[in-house]
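Given the structure is predicted, the values throughout are model-derived calculations rather than measurements. No hydrogens, no waters, no symmetry mates; every other heavy atom, side chains included, goes into these values. First listed ligand is number 1; within each ligand, the first listed atom is number 1.
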Amino acid sequence: MDASPRAHFTTDICVIGGGPAGATIARKLAQLGHQVCLIEKDTFPRPHIGESLTPGILPVLDALGLRQTVEQAGFLRANQAIIHWSSRAERHKTGEGEPGFQVDRGKFDAILLDAAREAGVRVLQPATVRAPSQPINGEWTLDVLPAGQEQAQVVKTRFLVDASGKHGLLPGKRQRTSASTLALYGYWHNVKFNSPETRVEAGANAWYWGAPLPDGTINACVFIDPKEGKAGSPEERHQTYQQLLAKSTLLQHCLSGELRSPVRVCNAGSYYHDDPVGDQFIRVGDAALSIDPLSSQGVQTAMLGALQASIVVHTCLTLPNNRILAQQFYRDRQIETVSRNAHWAARFYAEQDRFPDASFWRQRARPWLVKAASLDEQETLLIPAELKESTRVQICKQATVIPTPVIQGHVIVEQPALSHPLLERPVAYLGNQAILPLLASITRGDSAQSLLQKWGKVQPRARAAEWLHWLWVNRILVTYESSAAR
Ligand SMILES: Cc1cc2nc3c(=O)[nH]c(=O)nc-3n(C[C@H](O)[C@H](O)[C@H](O)COP(=O)(O)OP(=O)(O)OC[C@H]3O[C@@H](n4cnc5c(N)ncnc54)[C@H](O)[C@@H]3O)c2cc1C
């Protein structure tokens with residue numbers, strides 16, 4: 001701990017919070033050559049909810065150069081989940097490819113924070129940042145209180161990263177994207193879980209999640225509507241939790257074990273911030289947005305968002321003329337993440353058919369955030385007809401080219417990109433291929449075969465076939481209408 005009373009120092013970038021999001025952005029920005037200080041209030045390892053990491057974490061760990069370290073840390077790896085949810089679906093869901101992890105978050109978060117230190121980040125820990133006031137003359141002044149000391153030290157910084165988790169340190173307006181949900185959870189010992197799978201179950205007015213952790217402890221969690229279960233005082237919480245666990249098929253046998261922690265409660269609702277980024281600040285991880293825990297993807301979402309944020313901050317500091325573009329890029333990615341997750345969660349809640357009339361389920365079975373689609377709903381649901389080699393095609397009238405912010409190397413730049421109502425976002429590249437020249441090579445009335453031949457001259461035929469397939473299933477290419485037919 002390198003803090004002294006009333007010490008005063010200046011840094012280019014200050015990150016508040018050393019969870020997955022804070023450690024990720026700090027490491028990346030230090031690797032990009034910035035002077036970074038990170039302040040974390042707790043001593044690590046510390047407990048944290050969010051122990052189930054899906055395989056989607058693997059590419060994120062690759063991008064950080066930490067996959068091997070995490071793989072060697074001794075976390076559990078299960079490629080199955082036991083799901084009591086819909087009467088129509090299988091109860092054992094096997095994942096394809098490599099499994100994710102069942103981690104001890106204390107240890108996982110400590111690995112990430114050590115990796116930030118190793119990249120040159122100056123870490124003040126344990127030390128708490130008090131609510132920062134607005135920057136003066138382009139500089140934030142932060143009061144930082146090292147644990148066990150009475151006097152705060154002062155840290156000055158040009159750029160502030162709020163990675164302080166759900167409570168968020170910077171003020172701002174949040175939009176809710178789910179029904180209010182509380183999570184009640186506790187850590188159990190001496191419970192026999194015969195296998196390392198995650199358990200997920202639908203109850204009458206609640207849903208359950210449980211999983212063994214690497215040391216054999218079981219985390220059993222119940223998600224409820226705050227109106228339907230008393231959880232104010234520790235006693236009420238304990239009672240509500242035990243009553244609900246007793247109703248679960250998959251987790252009730254925890255009650256024959258030993259509860260080694262108090263019953264904890266936290267807000268498990270989803271939200272996003274209206275202003276995730278400004279000229280001198282950025283919010284990352286749960287400080288920016290929170291998705292439904294049903295997906296078990298909060299950690300990977302926080303880390304992926306932090307990787308994107310590192311490029312945005314790097315652009316703002318090194319290419320100030322692209323500042324607005326970089327901010328737009330970040331806002332777009334945040335809204336996309338929220339929208340995709342809200343739709344996914346609503347679909348999953350709607351699949352639950354064991355308690356169809358309960359308001360708990362009805363409230364969650366519709367997305368709170370609906371992205372306007374300009375194509376007819378019916379049309380989007382239709383799978384396009386099979387594309388034959390003889391099929392003659394043209395570019396869909398609704399496809400346009402618009403300037404879009406994209407990542408190029410380590411900065412955000414503007415590029416022309418293809419936009420279409422069916423695309424989640426404008427697309428500038430298909431793999432390594434810029435999309436514009438590809439579109440320019442298509443003549444109205446070309447057959448699928450002639451396109452394959454044209455592109456096959458400069459690319460392997462398999463790649464040309466992939467491009468054609470992508471353009472067809474996304475309705476960028478549609479069946480040719482001759483002028484006589486129009
Ligand atoms: C009930 C529940 C279950 C979940 N289950 C899963 C799951 O199975 N899988 C999954 O991937 N995700 C899960 N999540 C989500 C996941 O826990 C979070 O998305 C993830 O922890 C976000 O990381 P973060 O770095 O943004 O925030 P955090 O991990 O919360 O880190 C924030 C850090 O900031 C520090 N801090 C806060 N204030 C200050 C301050 N003033 N000064 C200094 N430091 C400060 C804190 O001490 C903390 O270490 C779950 C969430 C909930 C609510």
Side-chain angles (χ1 to χ4, degrees), residues 3 14-26 37-57 60 75 81 100-106 108-110 112-113 116 123-132 142-147 152 155 160-170 178 181-186 198-200 207-211 213 219-224 264-271 273 276 282-306 309 337 341:
C14 183
V15 179
I16 307 173
T24 298
I25 189 169
C37 167
L38 182 150
I39 305 167
E40 167 54 52
K41 71 178 169 54
D42 290 335
T43 304
F44 281 10
R46 51 97 176 89
H48 200 297
I49 185 85
E51 293 104 341
S52 215
L53 309 183
T54 70
I57 196 77
V60 181
F75 299 133
F101 303 92
Q102 209 56 51
V103 301
D104 163 356
R105 277 290 300 277
F108 179 78
D109 289 14
L112 299 183
L113 192 55
V123 178
L124 302 188
Q125 182 186 29
T128 303
V129 180
R130 292 166 173 169
L142 306 176
D143 268 358
V144 181
L145 191 64
V155 174
L160 190 64
V161 179
D162 187 353
S164 61
K166 267 192 180 305
H167 298 296
L169 211 58
L170 286 176
S178 74
T181 306
L182 279 186
L184 300 178
Y185 62 101
T198 302
R199 275 85 165 149
V200 181
W207 68 271
Y208 300 88
W209 174 93
L213 302 184
N219 179 359
C221 194
V222 189
F223 295 83
I224 59 169
R264 300 196 167 111
V265 62
C266 72
N267 177 356
S270 317
Y271 57 82
H273 259 280
I282 198 159
R283 305 177 204 267
V284 294
D286 278 6
L289 63 85
S290 171
I291 59 172
D292 198 307
L294 192 53
S295 70
S296 291
Q297 291 186 0
V299 171
Q300 81 190 47
T301 301
M303 291 173 70
L304 185 62
T337 304
N341 279 283

Any atom of ligand 1 sitting under 4.0 Å from a heavy atom of [X]?
X: His167; value: no
X: Ala23; value: no
X: Met303; value: no
X: Arg105; value: yes
X: Phe223; value: yes

Can you tell me which residue and heavy atom of the protein come closest to [atom], and the distance to 0.1 Å?
atom: atom 32 (C) of ligand 1; value: Ala163 O, 3.5 Å
atom: atom 34 (O) of ligand 1; value: Gly17 CA, 3.2 Å
atom: atom 31 (O) of ligand 1; value: Gly19 CA, 3.5 Å
atom: atom 15 (C) of ligand 1; value: Gly298 CA, 3.8 Å
atom: atom 37 (C) of ligand 1; value: Ser164 O, 3.2 Å
atom: atom 3 (C) of ligand 1; value: Ile49 CG1, 3.5 Å
atom: atom 25 (O) of ligand 1; value: Ala21 N, 3.0 Å
atom: atom 18 (C) of ligand 1; value: Asp286 OD2, 3.3 Å

What do we get for [X] next to ligand 1 when only non-hydrogen atoms under 4.0 Å count, side chain, backbone, both or neither?
X: Leu53; answer: side chain
X: Leu169; answer: side chain
X: Gln297; answer: backbone
X: Ile16; answer: side chain

Just by distance, do the side chain of [X] and the backbone of [Y] share a donor-acceptor pair under 3.5 Å?
X: Arg105; Y: Pro47; result: no
X: Gln125; Y: Asp42; result: yes
X: Thr301; Y: Gln297; result: yes
X: Ser164; Y: Leu169; result: yes

For ligand 1, find out whether one of its N or O atoms is nearer than 3.5 Å to an N or O atom of [X].
X: Ala287; answer: no
X: His48; answer: yes
X: Cys266; answer: no
X: Lys41; answer: yes
X: Glu40; answer: yes
X: Gly22; answer: no
X: Lys166; answer: no

Quickly, which of Trp207, Trp209, Tyr185 forms a ring pair (Phe, Tyr, Trp, His ring centres under 6.0 Å) with Phe223? Name it, please. Trp207
Where Pro20 and Met303 come nearest, the two heavy atoms and their spacing: CB-CG, 3.7 Å
